[in-house]
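Data first, discussion second: the structure below is written as C-alpha coordinates.
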Amino acid sequence: IQMTQSPSSLSASVGDRVTITCRASRSISGYLSWYQQKPGKAPKLLIDTASSLQSGVPSRFSGSGSGTVFTLTISSLQPEDFAIYYCQQSYQNPPTFGQGTKMEIK
Amino acid sequence: QVQLVESGGGVVQPGRSLRLSCAASGFTFSGFGMHWVRQAPGKGLEWVAVISNDGSEKYYADSVKGRFTISRDNSKDTLYLQMNSLRADDTAVYFCAKDPDILTGINGLAVWGLGTTVTVSS
(Lines give C-alpha, C1' and ligand atoms only; values in the text may rest on other atoms or scores of the structure.)
Protein backbone atom coordinates (compact mmCIF):
# COMPACT_ATOMS: atom_id res chain seq x y z
CA ILE A 1 0.00 0.00 0.00
CA GLN A 2 1.48 3.35 -1.04
CA MET A 3 1.06 6.38 1.16
CA THR A 4 1.24 9.86 -0.39
CA GLN A 5 1.43 13.02 1.68
CA SER A 6 0.67 16.53 0.58
CA PRO A 7 2.13 19.00 0.60
CA SER A 8 5.76 17.88 0.75
CA SER A 9 6.64 21.11 2.50
CA LEU A 10 4.64 23.82 4.16
CA SER A 11 5.66 27.29 5.19
CA ALA A 12 3.56 28.71 8.00
CA SER A 13 3.64 31.18 10.86
CA VAL A 14 3.22 30.72 14.58
CA GLY A 15 -0.49 30.71 15.33
CA ASP A 16 -1.55 29.44 11.90
CA ARG A 17 -3.92 26.52 11.44
CA VAL A 18 -2.36 23.96 9.13
CA THR A 19 -3.50 20.69 7.61
CA ILE A 20 -1.49 17.86 6.11
CA THR A 21 -3.15 15.23 3.95
CA CYS A 22 -2.19 11.57 3.60
CA ARG A 23 -3.69 9.40 0.88
CA ALA A 24 -3.50 5.62 0.74
CA SER A 25 -3.44 3.71 -2.56
CA ARG A 26 -6.23 1.51 -1.26
CA SER A 27 -8.53 1.51 1.73
CA ILE A 28 -6.79 1.12 5.07
CA SER A 29 -9.90 1.58 7.19
CA GLY A 30 -8.69 3.71 10.13
CA TYR A 31 -5.28 2.11 10.52
CA LEU A 32 -3.29 5.29 10.15
CA SER A 33 -0.70 6.86 12.43
CA TRP A 34 0.99 10.25 12.41
CA TYR A 35 4.53 10.91 13.60
CA GLN A 36 6.57 14.02 14.26
CA GLN A 37 10.32 13.98 13.76
CA LYS A 38 12.83 16.66 14.70
CA PRO A 39 16.43 16.74 13.43
CA GLY A 40 18.63 14.04 14.91
CA LYS A 41 15.78 12.49 16.85
CA ALA A 42 13.65 9.39 16.58
CA PRO A 43 10.10 9.82 15.34
CA LYS A 44 7.45 10.55 17.95
CA LEU A 45 3.99 9.03 17.68
CA LEU A 46 1.34 11.74 17.80
CA ILE A 47 -1.86 10.05 16.68
CA ASP A 48 -2.89 6.49 15.84
CA THR A 49 -5.99 4.79 14.54
CA ALA A 50 -6.50 7.99 12.53
CA SER A 51 -7.73 10.17 15.37
CA SER A 52 -6.51 8.87 18.73
CA LEU A 53 -4.23 11.42 20.35
CA GLN A 54 -1.36 9.91 22.27
CA SER A 55 -0.92 10.73 25.93
CA GLY A 56 1.03 13.92 26.44
CA VAL A 57 0.49 15.23 22.91
CA PRO A 58 -1.01 18.74 22.92
CA SER A 59 -4.67 19.00 22.00
CA ARG A 60 -3.86 21.41 19.17
CA PHE A 61 -3.01 18.27 17.18
CA SER A 62 -5.91 16.34 15.71
CA GLY A 63 -6.38 13.64 13.10
CA SER A 64 -9.29 12.53 11.00
CA GLY A 65 -10.21 10.37 8.06
CA SER A 66 -10.90 6.82 7.07
CA GLY A 67 -10.56 4.65 4.02
CA THR A 68 -8.03 6.35 1.77
CA VAL A 69 -7.88 9.99 2.86
CA PHE A 70 -6.60 11.23 6.19
CA THR A 71 -5.63 14.59 7.64
CA LEU A 72 -3.46 15.89 10.44
CA THR A 73 -4.42 19.35 11.66
CA ILE A 74 -2.51 21.64 13.98
CA SER A 75 -4.97 24.26 15.19
CA SER A 76 -2.44 26.90 16.23
CA LEU A 77 1.18 26.33 15.28
CA GLN A 78 3.70 26.71 18.03
CA PRO A 79 7.47 27.18 17.60
CA GLU A 80 8.13 23.62 18.74
CA ASP A 81 5.87 22.22 16.00
CA PHE A 82 8.28 23.01 13.20
CA ALA A 83 9.39 19.53 12.23
CA ILE A 84 8.75 16.80 9.67
CA TYR A 85 5.51 14.86 9.84
CA TYR A 86 4.95 11.34 8.53
CA CYS A 87 1.90 9.18 8.14
CA GLN A 88 2.07 5.37 8.29
CA GLN A 89 -0.47 2.68 7.55
CA SER A 90 -0.69 -0.43 9.71
CA TYR A 91 -3.55 -2.08 7.84
CA GLN A 92 -1.37 -4.51 5.94
CA ASN A 93 2.23 -5.69 5.92
CA PRO A 94 4.51 -4.04 4.93
CA PRO A 95 3.46 -1.07 7.10
CA THR A 96 4.46 1.80 4.80
CA PHE A 97 5.26 5.43 5.55
CA GLY A 98 4.38 8.52 3.59
CA GLN A 99 7.27 10.56 2.20
CA GLY A 100 6.96 13.23 4.87
CA THR A 101 5.83 16.85 5.12
CA LYS A 102 8.36 19.42 6.26
CA MET A 103 6.82 22.20 8.32
CA GLU A 104 8.91 25.35 8.01
CA ILE A 105 8.73 28.76 9.58
CA LYS A 106 7.49 31.51 7.29
CA GLN B 1 11.07 2.61 31.80
CA VAL B 2 10.58 1.18 28.35
CA GLN B 3 13.79 1.50 26.38
CA LEU B 4 15.34 0.33 23.14
CA VAL B 5 19.05 0.69 22.47
CA GLU B 6 20.51 -0.05 19.04
CA SER B 7 24.13 -0.97 18.42
CA GLY B 8 26.34 -2.46 15.75
CA GLY B 9 26.43 0.34 13.24
CA GLY B 10 29.59 1.49 11.54
CA VAL B 11 31.39 1.95 8.27
CA VAL B 12 31.42 -1.06 5.97
CA GLN B 13 32.51 -1.65 2.40
CA PRO B 14 29.97 -2.42 -0.33
CA GLY B 15 29.20 -6.10 -0.54
CA ARG B 16 30.12 -6.79 3.07
CA SER B 17 27.89 -7.70 6.00
CA LEU B 18 26.90 -6.12 9.29
CA ARG B 19 24.65 -7.18 12.15
CA LEU B 20 22.66 -4.67 14.14
CA SER B 21 21.30 -5.34 17.61
CA CYS B 22 18.52 -3.72 19.58
CA ALA B 23 18.45 -4.34 23.33
CA ALA B 24 15.04 -3.97 24.93
CA SER B 25 14.16 -3.28 28.54
CA GLY B 26 11.21 -2.19 30.64
CA PHE B 27 8.61 -4.39 28.97
CA THR B 28 7.89 -8.04 28.22
CA PHE B 29 9.90 -8.33 25.03
CA SER B 30 8.45 -11.69 24.04
CA GLY B 31 4.96 -10.23 23.97
CA PHE B 32 5.46 -7.78 21.12
CA GLY B 33 6.44 -7.63 17.51
CA MET B 34 9.46 -5.53 16.61
CA HIS B 35 10.37 -3.39 13.61
CA TRP B 36 13.42 -1.96 11.94
CA VAL B 37 12.98 1.41 10.23
CA ARG B 38 15.75 3.33 8.49
CA GLN B 39 16.40 6.88 7.36
CA ALA B 40 18.97 7.74 4.74
CA PRO B 41 20.73 11.10 5.12
CA GLY B 42 18.29 13.89 4.37
CA LYS B 43 15.54 11.45 3.40
CA GLY B 44 12.30 10.20 4.89
CA LEU B 45 11.52 7.18 7.01
CA GLU B 46 11.67 3.81 5.27
CA TRP B 47 10.22 0.78 6.97
CA VAL B 48 12.62 -2.17 6.67
CA ALA B 49 11.32 -5.27 8.42
CA VAL B 50 9.03 -6.62 11.12
CA ILE B 51 9.11 -9.80 13.18
CA SER B 52 6.30 -11.26 15.25
CA ASN B 53 6.63 -11.68 18.98
CA ASP B 54 7.62 -15.32 18.70
CA GLY B 55 9.72 -14.94 15.58
CA SER B 56 7.42 -17.08 13.46
CA GLU B 57 6.42 -14.34 11.00
CA LYS B 58 8.67 -11.89 9.23
CA TYR B 59 8.07 -9.30 6.54
CA TYR B 60 10.54 -7.22 4.59
CA ALA B 61 10.60 -4.17 2.38
CA ASP B 62 11.27 -5.04 -1.25
CA SER B 63 14.47 -3.00 -1.13
CA VAL B 64 16.07 -5.39 1.39
CA LYS B 65 14.33 -8.68 0.68
CA GLY B 66 16.84 -11.49 0.18
CA ARG B 67 19.70 -9.45 1.67
CA PHE B 68 18.53 -8.60 5.18
CA THR B 69 17.27 -10.98 7.87
CA ILE B 70 15.39 -9.92 10.98
CA SER B 71 15.55 -12.17 14.03
CA ARG B 72 15.15 -12.05 17.77
CA ASP B 73 16.31 -13.81 20.90
CA ASN B 74 13.57 -13.55 23.49
CA SER B 75 15.82 -15.06 26.14
CA LYS B 76 18.12 -12.06 25.71
CA ASP B 77 15.43 -9.43 25.02
CA THR B 78 17.28 -8.55 21.84
CA LEU B 79 16.31 -7.89 18.25
CA TYR B 80 18.73 -8.31 15.36
CA LEU B 81 19.10 -7.24 11.76
CA GLN B 82 21.59 -9.19 9.69
CA MET B 83 22.51 -7.13 6.67
CA ASN B 84 24.33 -8.85 3.81
CA SER B 85 25.45 -7.65 0.39
CA LEU B 86 25.36 -4.09 1.59
CA ARG B 87 25.06 -1.30 -0.97
CA ALA B 88 25.70 2.41 -0.82
CA ASP B 89 21.97 3.08 -0.72
CA ASP B 90 21.72 1.12 2.54
CA THR B 91 23.54 3.99 4.23
CA ALA B 92 21.14 5.25 6.88
CA VAL B 93 20.31 5.59 10.52
CA TYR B 94 18.61 2.37 11.57
CA PHE B 95 15.96 2.55 14.26
CA CYS B 96 14.28 -0.33 16.06
CA ALA B 97 10.73 0.19 17.24
CA LYS B 98 8.29 -1.75 19.41
CA ASP B 99 5.05 -2.91 17.86
CA PRO B 100 1.88 -2.34 19.90
CA ASP B 101 0.85 -5.95 19.36
CA ILE B 102 2.32 -9.33 18.49
CA LEU B 103 2.71 -8.29 14.83
CA THR B 104 1.86 -4.95 13.16
CA GLY B 105 -0.89 -3.93 15.49
CA ILE B 106 -3.42 -1.30 14.52
CA ASN B 107 -1.89 1.22 16.86
CA GLY B 108 1.25 3.11 15.95
CA LEU B 109 4.86 2.67 16.98
CA ALA B 110 5.12 4.47 20.29
CA VAL B 111 8.57 3.28 21.37
CA TRP B 112 11.70 3.87 19.33
CA GLY B 113 15.40 3.59 19.94
CA LEU B 114 17.79 6.43 19.23
CA GLY B 115 19.17 4.73 16.15
CA THR B 116 22.52 3.42 14.96
CA THR B 117 24.29 4.73 11.87
CA VAL B 118 25.37 2.47 9.03
CA THR B 119 27.61 3.88 6.33
CA VAL B 120 28.36 1.77 3.28
CA SER B 121 31.38 3.16 1.51
CA SER B 122 34.59 1.99 -0.08
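Per chain, numbering begins at 1; letters A, B, ... match sequence-line order. All values derive from a computational prediction rather than experimental measurement.
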Side chain, backbone, both or neither: which part of [X] has an atom under 4.5 Å from a heavy atom of chain B?
X      : result
Q37(A) : side chain
K41(A) : backbone
P43(A) : both

Same cluster or not: are [X] and [Y] linked, directly or through other Ile, Leu, Val, Met, Phe, Trp or Tyr residues, by side-chain heavy atoms under 4.5 angstrom apart?
X      : Y      : answer
Y94(B) : I70(B) : yes
F70(A) : I47(A) : yes
L10(A) : W34(A) : yes

Under 4.5 Å from any heavy atom of chain A, what part of V48(B) do you find: side chain, backbone, both or neither? neither
Side chain, backbone, both or neither: which part of A61(B) has a heavy atom under 4.5 Å from chain A? neither
[atom1]/[X]: more than 12 non-hydrogen atoms of other groups inside 6.0 Å:
X       : atom1 : value
R16(B)  : CZ    : no
K102(A) : NZ    : no
K38(A)  : NZ    : yes
R23(A)  : CZ    : no
Q2(A)   : CD    : no

Could you measure the distance from the CZ atom of F97(A) to the CD atom of Q39(B)? Nearest 0.5 Å is fine. 9.5 Å
Separation between CG (N107(B)) and OH (Y31(A)), nearest 0.5 Å, reads 9.5 Å
For chain A, find which of T104(B), I106(B), L45(B) contributes the most heavy-atom pairs closer than 4.5 angstrom. L45(B)
I need the residue from A42(A), G100(A), P95(A), S33(A) with the largest number of non-hydrogen atom pairs under 4.5 Å to chain B. P95(A)
pair L103(B)-N93(A): side-chain heavy atoms closer than 4.5 Å: yes
Would you say Y35(A)'s side chain and L109(B)'s backbone share a donor-acceptor pair under 3.5 angstrom? yes
Under a 3.5 Å distance rule, please check whether D48(A) uses its side chain to pair with a backbone N or O of G108(B) as donor and acceptor. yes
